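Working notes for the structure below.
Note that the structure is a prediction, hence the values are computed from the model and not measured.
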Amino acid sequence: MASSPSDHWHPAAVYLYALHLDGPALAWEYLRRHPDYRLDWHRHRGQPRVSAQRWGLRLLEDPGRDARDALPDWLAGPAIAQIHPDVDPPPNAPQFELWTLPGHKELRQDGSRLRLTVRTAGREVRMALAPDLWEGMAYTSTAAVGRAGGSIRPRARVLADDLAFVVSPEASIPALACGRPGPGPLLEMHTLQALDGTLAGASLREVALVLHGGDVVAAGWHADGDLRAQVRRLVRRGQSLMQGGYLRLLQNKPFEQGRSASTPNVPAQNDLHF
């Protein structure tokens, strides 16, 4: 029998991609589930700057796109590289060549700048391109660190390493080995699943049945039992993250697996995919 719309959160396989998301990607997963955010998107999708700052964004992002496809532009997000023409390049200066960059590339005009995002080998590198930068020009880069605070030097070093990995002509895509997920990624996966269940109208017991199975619930579901308390904490955690706690995830270190780098299937309006 086909699943009803309210059963969309039942299969655990639907949430496996959450095991490989970093902090900003998880923040988007919680925000895009907020009913008021979804309402703002449908009201103002033709004017993406309207209401965006309320959610910690520069532009509203389509909540129908999960973290594998979406590119939310956070006000207090991670550092990005600013790419400018080099006005006095040395003879061996590197040249900016979009088509030679490895991996999946997405260009987006956000109204004030052209953003380039490159996803390759479990990394996601974001760049802001100067308006006067052209293909084949010698370039230079500077780090633009997000507004969320933290130490600038370590974050700038990470940014420089990511940028060198992407723009180096000798860059190769290494094989990625993902080990068994740890408790952190599993917690996020179960939190998202439990949150979707409550948003679909499921009771705590129904959430427990999906997460733990009928035998475990039959043996351990009591009014003051540990299982009930565990599911209640999971649901409350998801609701807290959705209601604004997601902003705390923006500066979290990525999990060991790195961010998922799946290629989008449907280009969004005003986006160019290569």
Side-chain angles (χ1 to χ4, degrees), residues 2-42 51 54-57 60-70 72 74 76 180-257 259-260:
S3 297
S4 67
S6 62
D7 294 340
H8 68 279
W9 60 280
H10 285 196
V14 173
Y15 298 88
L16 289 178
Y17 74 93
L19 296 174
H20 308 286
L21 301 180
D22 60 14
L26 285 167
W28 169 246
E29 286 295 328
Y30 288 108
L31 172 57
R32 77 186 188 95
R33 286 165 163 79
H34 198 301
D36 289 346
Y37 177 82
R38 301 178 76 88
L39 185 60
D40 269 1
W41 165 257
H42 289 295
S51 301
R54 168 189 177 189
W55 305 104
L57 296 169
L60 294 176
E61 176 72 34
D62 183 357
R65 303 176 73 188
D66 66 38
R68 294 167 292 185
D69 291 350
W74 300 104
R180 189 185 182 110
L186 284 172
L187 173 63
E188 301 298 346
M189 173 182 164
H190 292 154
T191 301
L192 288 170
Q193 192 172 10
L195 177 59
D196 281 349
T198 56
L199 291 173
S203 65
L204 290 179
R205 193 174 192 278
E206 289 170 330
V207 171
L209 285 168
V210 170
L211 293 180
H212 300 286
D215 292 342
V216 173
V217 172
W221 191 259
H222 308 290
D224 56 350
D226 290 341
L227 182 60
R228 185 186 179 98
Q230 175 187 343
V231 174
R232 185 187 296 111
R233 286 195 299 270
L234 202 62
V235 169
R236 287 178 177 173
R237 181 177 186 272
Q239 292 173 338
S240 175
L241 286 166
M242 182 183 70
Q243 295 289 345
Y246 62 86
L247 293 171
R248 297 193 302 270
L249 299 173
L250 293 179
Q251 300 305 319
N252 283 2
K253 293 182 180 180
F255 295 126
E256 292 180 359
Q257 294 93 333
R259 180 177 179 141
S260 176

| message | Before you tell me yes or no, could you show the steps for L31 and M242 under side chain to side chain contact (heavy atoms under 4.5 Å, CB included), namely the whole-Å CA-CA distance, both residues' side-chain angles and the distance that decides it to 0.1 Å? | response | CA-CA 5 Å; L31 172 57; M242 182 183 70; over 6 Å; no
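Annotation for A202 and W9: closest pair CB-CZ2, 3.5 Å, computed over non-hydrogen atoms. The two residues P63 and W28 have their closest heavy-atom pair at CA-CZ2, 3.7 Å. Counting all heavy atoms, side chain and backbone alike, H190 lies closest to L234 at O-CD2, 3.7 Å. When all heavy atoms of H34 and D36 are compared, the closest pair comes out as ND1-N, 3.1 Å. The nearest pair of heavy atoms linking L247 to G56 is CD2-CA, 4.4 Å. Contact detail for L187 and T191: the closest heavy-atom pair is O-OG1, 2.6 Å.
With values rounded to the nearest 0.5 angstrom, L21 atom CG is found 5.0 Å from L26 atom CG. In this structure, L186 CG and M189 CE are separated by 7.0 Å, a value rounded to the nearest 0.5 Å. Rounding to the nearest 0.5 Å gives a distance of 11.0 Å between CG of L209 and CG of L204.
Here side chain to side chain donor-acceptor pair (under 3.5 Å) pairs that include residues 219-236, with residues two or more places apart or in two chains, number zero.
Ring geometry, W55 versus Y37: the interplanar angle exceeds 60°, so the pair is classed perpendicular (tilted spans 30 to 60°).
Looking at D62 and W41, their side chains come closer than 4.5 Å, going by heavy atoms from C-beta outward. The shortest side-chain heavy-atom distance between V14 and H8 does not fall under the 4.5 Å cut-off. Considering only heavy atoms from C-beta on, L195 stays 4.5 Å or farther from V235 through its side chain. In this structure, L19 and E188 have side chains that are not in contact, with every pair of non-hydrogen atoms separated by 4.5 Å or more.
At least one donor-acceptor pair under 3.5 Å links the side chain of R38 to the backbone N or O of R32. With hydrogens and angles ignored, the 3.5 Å screen pairs a side-chain donor or acceptor of E206 with a backbone N or O of S203. For Q193 (side chain) and H10 (main-chain N/O), a donor-acceptor pair under 3.5 Å exists by modelled atom type.
Using a 4.0 Å cut-off between charged nitrogen and carboxylate oxygen, R68 and E29 do not count as a salt-bridge pair. By the 4.0 Å N-to-carboxylate-O rule, D40 lies close enough to R54 to be salt-bridged with it.
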